[in-house]
Protein chains: 2
Amino acid sequence: MQRSMAILGTRWKPVIIYTLRDRKARFGQLDALIENISRKVLTSSLKELEEDGVILREEYRELPPRVEYSLTEKGKALIPIMCQLAKWNEAYYQEPVSTELIA
Amino acid sequence: MQRSMAILGTRWKPVIIYTLRDRKARFGQLDALIENISRKVLTSSLKELEEDGVILREEYRELPPRVEYSLTEKGKALIPIMCQLAKWNEAYYQEPVSTELIA
DNA sequence: TAAACTAGTTACCTTTGCGTAACTATTTTG
DNA sequence: CAAAATAGTTACGCAAAGGTAACTAGTTTA
């Protein structure tokens, strides 16, 4: 469990994986699809998830450049888990104790 | 998903929930069961998870004092998810890229 | 020639997460 | 009287996570 958390235990990485559950996506698409994430965190999270074998980065040497991100087999194995995590909140949602805004 | 991550998106909270999947536990037990966690992070994580309705804190006014932590219904709903997350690592384990030690 | 598009990078800063170690309060036990 | 046990708290500090804004490079389009 601790090793899983060493890979996934941040606010944004599970959101990125969840967003890639049913599509490949380009950098700019991820930036647009995921509300509130900054490009900087997106860049570094993608890089680390690639190093950890969860996502695949494919660079097409075209003009303008195109880079597509998708889940590896290891990453795809997380899809049902991420979906359950997303549903968990919907089922048990309560107003946050601290007034912390989340879009 | 972002709301789920606002509650769970840290390295230790999922580990705490996983540890409580099949038992109530006292503070000192959790401290002993979870390798490498510090008492300080344990304290603050337990407090926040209680505020978020995931765990229940029961204080028995005895001597010496006894406090038991367990999962609420909302927390119990996470048990299968946490178990799958733990298994995910075992199935897809590879040597970490960065030499980051995890017990 | 200037603007737009893509996929970032860079600099700078703030906040959160986490660690270590020492300390507290209360009562029982030796 | 001192030590042990329980459940923390407190002080201090470091590193990682995260945010904002400006900038880069190469090419296509107006």
Side-chain angles (χ1 to χ4, degrees), chain A residues 1-2 5-17 19-20 24-52 55-70 96-103, chain B residues 1-2 5-17 19-20 24-52 55-70 96-103:
Chain A
M1 186 51 150
Q2 297 197 208
M5 285 309 105
I7 296 176
L8 304 172
T10 72
R11 260 186 185 37
W12 290 112
K13 287 178 183 174
V15 177
I16 293 171
I17 294 163
T19 304
L20 289 173
K24 289 188 174 201
R26 303 171 64 165
F27 182 84
Q29 284 182 300
L30 287 170
D31 188 36
L33 286 166
I34 303 174
E35 304 235 322
N36 304 316
I37 200 171
S38 68
R39 296 170 94 72
K40 190 205 165 203
V41 168
L42 184 55
T43 304
S44 65
S45 300
L46 287 170
K47 200 169 292 177
E48 290 170 12
L49 286 172
E50 192 194 0
E51 285 173 1
D52 288 327
I55 68 172
L56 178 71
R57 179 184 189 276
E58 291 176 289
E59 190 172 345
Y60 300 90
R61 305 206 133 280
E62 303 174 353
L63 295 153
R66 179 160 62 106
V67 178
E68 283 187 344
Y69 294 94
S70 57
V97 171
S98 57
T99 310
E100 192 179 342
L101 294 193
I102 300 121
Chain B
M1 185 54 148
Q2 298 199 208
M5 284 310 105
I7 295 176
L8 303 172
T10 72
R11 263 188 184 36
W12 289 113
K13 286 178 184 175
V15 177
I16 293 171
I17 294 164
T19 304
L20 289 172
K24 288 189 173 200
R26 302 172 64 168
F27 182 84
Q29 284 182 300
L30 287 171
D31 188 35
L33 286 165
I34 303 174
E35 305 234 320
N36 304 315
I37 199 172
S38 68
R39 298 169 92 69
K40 190 204 164 201
V41 169
L42 184 54
T43 304
S44 65
S45 300
L46 287 169
K47 199 169 293 177
E48 290 169 11
L49 286 171
E50 193 195 358
E51 286 173 359
D52 288 328
I55 68 172
L56 178 69
R57 180 184 188 275
E58 290 176 289
E59 189 172 345
Y60 299 89
R61 303 207 135 279
E62 302 173 359
L63 295 155
R66 181 160 62 105
V67 179
E68 284 186 344
Y69 293 95
S70 57
V97 172
S98 57
T99 311
E100 191 179 343
L101 296 192
I102 299 124

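Only this structure's heavy atoms are used, side chains among them; waters, hydrogens and symmetry mates stay out. We name chains A, B, ... by the order of the sequence lines, and we start the count at 1 in each one.
Between A/Glu59 atom CD and A/Phe27 atom CZ the span is 13.0 Å, to the nearest 0.5 Å.
Among the protein residues, B/Tyr60 comes within range of no part of the nucleic acid, since none of its heavy atoms lies under 4.0 Å from any strand. Nucleic acid contact class of A/Lys47 (heavy atoms, under 4.0 Å, all strands): sugar-phosphate only. Nucleic acid contact class of B/Arg39 (heavy atoms, under 4.0 Å, all strands): base.
Closest to the side chain of B/Val41, from the set D/dA17, C/dT9, C/dG19, is C/dG19. Of the listed nucleotides (C/dC18, C/dG17, C/dG8), C/dG8 has the atom at the smallest distance from the side chain of A/Val67. Residue A/Ser38 places its side chain closer to D/dG19 than to any other of D/dG19, C/dG8, D/dG8. Closest contact between the side chain of B/Phe27 and the listed nucleotides C/dA7, C/dG17, D/dA7 involves D/dA7. Listed nucleotides: D/dT6, D/dC12, C/dT10. Nearest to the side chain of A/Lys40: C/dT10.
Put simply, CH2 on A/Trp12 is 17 Å from C1' on D/dA16, counting in whole angstrom units. Counting to the nearest Å, the C1' atom of C/dG8 and the CG atom of A/Asp31 are 11 Å from each other. At whole-Å resolution of the value, CD in B/Glu50 and C1' in D/dA7 are 14 Å apart. In this entry the distance linking CZ of A/Arg57 with C1' of C/dA7 reads 8 Å, nearest Å. One can place CD of A/Gln29 at 13 Å from P of C/dG8, the figure rounded to the nearest angstrom. Atom pair A/Met5:CE and C/dC18:P shows a separation of 12 Å (rounding to whole Å applied). Rounding to whole angstrom units, CG of residue B/Asn36 and C1' of C/dT20 are separated by 14 Å. The separation between B/Leu42 atom CG and C/dG19 atom C1' is 13 Å, rounded to whole Å.
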(request) Please lay out, stage by stage, how A/Arg57 and A/Leu46 fare under the test side chain to side chain contact (heavy atoms under 4.5 Å, CB included). (result) CA-CA 8 Å; A/Arg57 179 184 189 276; A/Leu46 287 170; over 6 Å; no

(request) Go through A/Tyr69 and A/Leu49 one step at a time and tell me if the side chain to side chain contact (heavy atoms under 4.5 Å, CB included) criterion holds. (result) CA-CA 11 Å; A/Tyr69 294 94; A/Leu49 286 172; over 6 Å; no

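Annotation: side chain of A/Ile55 is in contact with side chain of A/Leu20 (closest heavy-atom distance under 4.5 Å).
Checking each of A/Ile16, A/Ile17, A/Leu30 against A/Ser45 for a side-chain contact (heavy atoms from CB on, under 4.5 Å) leaves exactly one that passes, namely A/Ile16.
For C/dT27, neither phosphate oxygen OP1 nor OP2 lies less than 4.0 angstrom from any side-chain nitrogen or oxygen of B/Arg66. Between B/Arg26 and the phosphate of D/dA7, there is a side-chain N or O to OP1/OP2 separation shorter than 4.0 Å.
Take the nearest nucleotide of DNA chain D for B/Leu46 and for A/Gly9: the residue whose nucleotide is more 5' is B/Leu46.
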